[in-house]
Amino acid sequence: MVKTRVYEYEGTRYEATVTFKRMRSLTMRYDPEKGTLRVSVPTFTTLRRVDEFVLKHLPRLTKKVSKKAKNYDGQYLYVFGEKKEVGELEPQEITAYYKKIGLPYVKERVAYYSSLMGVDYPYKVRMREMKRTFGSNSRKTKTLTFQTRLMAFSPEIIDSVVVHELAHHFQFDHSPAFYAVVYAYCPDYDKLRKRLIHDRFEG
């Protein structure tokens, strides 16, 4: 079942699609380009509970997504988890900048972990803008693709994504066997993942 709701915060109206399904927690995602919310809730959640949840988390969600979308303030851009003075940049310039510094770096980390993990063939590595994920592994093309804005995060967080995608070389699902590979090469994976995924709220 799907319902639509409209919420207002600081003079801005947000249209929300609320999906009721079999799950335990309430979750919410914000699309800054469309200004819309996607809320998923357990089947028997009341609309009052939905409203309380959205209004509680909406201020933090919009603030964090806005920061994530820019990754910089004024003249500063976040690079490898630290502020770096780069001057004013347009969105396409930010993407190009991250790709320029990020592609050689990620290729080196993929090569390092491939050797460490015993990956038996070399993956092609590329970077591009992706809205829903920070990395992907294509068995068909033997290509690892990483989100350009991943370069805003610290090296250990970037490594956790590299390990995650290379672990799919051995297990292409998210089974316990898959996570056994991940934890073997990234023991702090859970903590690093929480730092990476900061636009998802549960209640």
Cation over ring, R109 on Y112, under 6.0 Å and within 45°? yes
Taking the six-membered ring for Trp and the full ring for Phe, Tyr or His, determine whether the centres of H169 and Y121 are under 6.0 Å apart. yes
Without hydrogens or angle criteria, can the side chains of Y123 and K107 be said to hold a donor-acceptor pair below 3.5 Å? no
Indicate whether any N or O donor in one side chain lies under 3.5 Å from an N or O acceptor in the other, for D190 and Y183. yes
Within 6.0 angstrom of E82 CD, more than 12 heavy atoms from elsewhere: no
Could you tell me how the ring of Y179 sits relative to the ring of H174: parallel (under 30°), tilted (30 to 60°) or perpendicular (over 60°)? tilted
Is the F80 ring parallel, tilted or perpendicular to the Y105 ring (thresholds 30°, 60°)? tilted
V54 and M1: same hydrophobic cluster, using ILVMFWY side-chain contacts below 4.5 Å? yes
Under a 4.0 Å N-O cut-off, is there an ion pair linking R5 with E15? no
I need the minimum non-hydrogen distance between F146 and L150, along with the two atoms involved. CD2-CD2, 4.2 Å
Give the intermediate values and the outcome of side chain to side chain contact (heavy atoms under 4.5 Å, CB included) for residues L144 and R126. CA-CA 6 Å; L144 301 180; R126 66 175 185 168; over 6 Å; no
Just checking F178 against F172, ring centres under 6.0 Å apart? no
If hydrophobic clusters are built by linking Ile, Leu, Val, Met, Phe, Trp and Tyr wherever their side-chain heavy atoms come under 4.5 Å apart, do I157 and M130 end up in the same one? no
So, R195 and E156, do they make that salt bridge, N to O below 4.0 Å? yes
Between E52 and R48, is there a side-chain N and carboxylate O pair less than 4.0 Å apart? yes
Are T145 and S138 close enough, and set up right, to give a side chain to side chain contact (heavy atoms under 4.5 Å, CB included), and what steps lead you there? CA-CA 8 Å; T145 304; S138 172; over 6 Å; no
